[in-house]
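Each remark here refers to the structure printed beneath this line.
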Amino acid sequence: MDPLEDVLSLTGATSHLSAGMSAGGAWAVRFEPPAGVKFNVVRRGACWLRVDGVPDPLRLHEGDCFLLTRPVAFTLASDLSLPTEPAGPLFTAAVDGVARAGQGDEVFLIGGAFSFTDRAQALLLDGLPPVIRVAAGTPEAATVRRAVAEIDAELQQDAAGARLVAEHLAVVMLVRILRLYLTRDAGHTSGWLAGLTDPTVATVLRRMHARPAHPWTVAELARSAAVSRSTLAARFKQVVGQGPLEYLTAWRVELAADRIRRGDDTVATIARDVGYGSESAFSVAFKRAIGLSPRAYRAAGARAEH
């Protein structure tokens with residue numbers, strides 16, 4: 001099993017493409033904090049990106065892409081010293097799917113956002129920096145560039161289902177960016193994401209994700225990774241920030257929370273399927289992690305849908 005695929009599936013990643021933006025001359029556009037993970041790709045020209053709370057602005061060039069993983073405001077501009085105009089009215093007034101800023105069209109960006117379930121922040125986003133940039137000039141970014149080119153091609157044509165295809169391609173782009181980030185910037189990642197870059201920890205993560213209901217012990221997991229029990233415990237704690245069995249408990253709770261949100265299986269059935277011998281033990285673990293009992297969590301989800 002691929003833990004990254006598991007978590008992305010559990011967080012229900014979907015993409016929503018916004019209007020493109022054409023800009024030229026002197027311009028600066030201020031964007032409000034996005035609801036999800038925001039992305040933009042520079043398809044033509046160059047501009048500056050400044051993200052609130054991030055000390056240094058980034059210079060973006062043609063082919064560059066960035067992911068904004070926190071709900072913070074940001075500015076795109078030809079010159080960051082210019083007064084900004086709000087993005088909202090520009091995009092409301094978009095013509096033929098393109099918002100316009102400044103005078104001219106030297107710069108063109110496409111973008112959108114990824115939305116996730118309510119557990120995504122803890123599962124996926126907390127381990128990432130506020131901004132991930134993929135520079136077009138790097139050889140590792142070739143797969144990301146291909147996904148961007150395919151998105152752009154779909155948006156350019158008027159074929160049936162083109163936008164749906166483009167939105168699915170955007171999710172592919174997200175996976176490729178995360179892979180690239182893990183390969184390139186493993187030292188800046190925390191939590192289970194960091195574990196994917198460590199050979200020993202990654203082996204154990206795959207074992208637990210493949211059989212989450214199995215009654216794993218640290219000794220059995222250590223044997224699967226060909227290391228001693230003490231080595232695994234220390235290494236897992238150092239990389240992931242918690243012990244292997246603590247991680248397993250948290251993952252079982254996430255699997256159970258997903259089942260509770262999406263289906264109508266009994267709590268007892270779900271408890272058994274994720275590896276708990278009793279409903280009461282499962283309920284204690286679930287409430288400790290989520291803050292609600294399984295039944296209260298299901299009731300809260302039902303209320304949210306109405």
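In this chain, residues are counted from 1 in sequence order.
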> Would you call Glu32-Lys38 a salt bridge at under 4.0 Å N-O?
Replying inline: no
> Side chain of Thr231, backbone of Val227: donor and acceptor closer than 3.5 Å?
Replying inline: no
>> Which residues pass the salt bridge (Lys or Arg N to Asp or Glu O under 4.0 Å) test with Glu254, not counting sequence neighbours?
In response: Arg119
> Quick one: does Arg259's side chain have a donor or acceptor within less than 3.5 Å of a partner on Ala271's backbone?
Replying inline: no
>> Using the salt bridge (Lys or Arg N to Asp or Glu O under 4.0 Å) criterion, which residues pair with Asp105? Sequence neighbours excluded.
In response: none
> At what distance, to the nearest 0.5 angstrom, does OG of Ser278 lie from CZ of Arg272?
Replying inline: 12.5 Å
> Under the 3.5 angstrom rule, does the side chain of Asp64 hit a backbone N or O of Ala136 as a donor-acceptor pair?
Replying inline: yes
>> Taking CD in Gln103 as the centre, count heavy atoms belonging to other residues, nucleotides or ligands within less than 6.0 Å. Is the count above 12?
In response: no
>> Strictly distance-based, threshold 3.5 Å: is any side-chain N or O of Asn40 a donor or acceptor partner for the main-chain N or O of Ile110?
In response: yes
> Taking atom types as modelled and ignoring hydrogens, do the side chains of Thr84 and Thr75 form a donor-acceptor contact shorter than 3.5 angstrom?
Replying inline: no
> Does a donor on one side chain sit under 3.5 Å from an acceptor on the other, for Ser280 and Ser283?
Replying inline: no
> Donor-acceptor pair, Ser15 side chain versus Phe114 backbone, under 3.5 Å?
Replying inline: no
> Does Phe286 have its ring centroid less than 6.0 Å away from the ring centroid of Tyr297?
Replying inline: yes
>> On a heavy-atom basis, which atom in Leu68 and which in Val72 lie closest, and how many Å separate them?
In response: CD2-O, 3.5 Å
>> Could you check whether Glu5 and His209, counting side-chain N and O atoms only, form a donor-acceptor pair closer than 3.5 Å?
In response: no
>> Please check this pair: side chain of Glu106 against backbone of Gly25, looking for a donor-acceptor N/O pair closer than 3.5 Å.
In response: yes
> Quick check: does any side chain N or O of Trp216 sit under 3.5 Å from a backbone N or O of Arg211, one acting as donor and the other as acceptor?
Replying inline: yes
>> Could you check whether atom CG of Asp264 has more than 12 heavy atoms from other residues, nucleotides or ligands sitting under 6.0 Å from it?
In response: no
> Can you name the closest pair of heavy atoms from Val29 and Ala101 and give their distance?
Replying inline: CG2-CB, 3.7 Å
> Should the pair Asp273-Arg252 be classified as a salt bridge under the 4.0 Å nitrogen-to-oxygen rule?
Replying inline: no
> Any sub-3.5 Å donor-acceptor pair from Thr69's side-chain atoms to Pro130's backbone N or O?
Replying inline: yes
> Taking the side chain from Thr197 and the backbone from Leu193, do they hold a donor-acceptor pair closer than 3.5 Å?
Replying inline: no
> Applying ring-ring contact (aromatic ring centres under 6.0 Å, His included), which residue pairs with at least one partner in residues 8-28 are found, sequence neighbours left out?
Replying inline: none
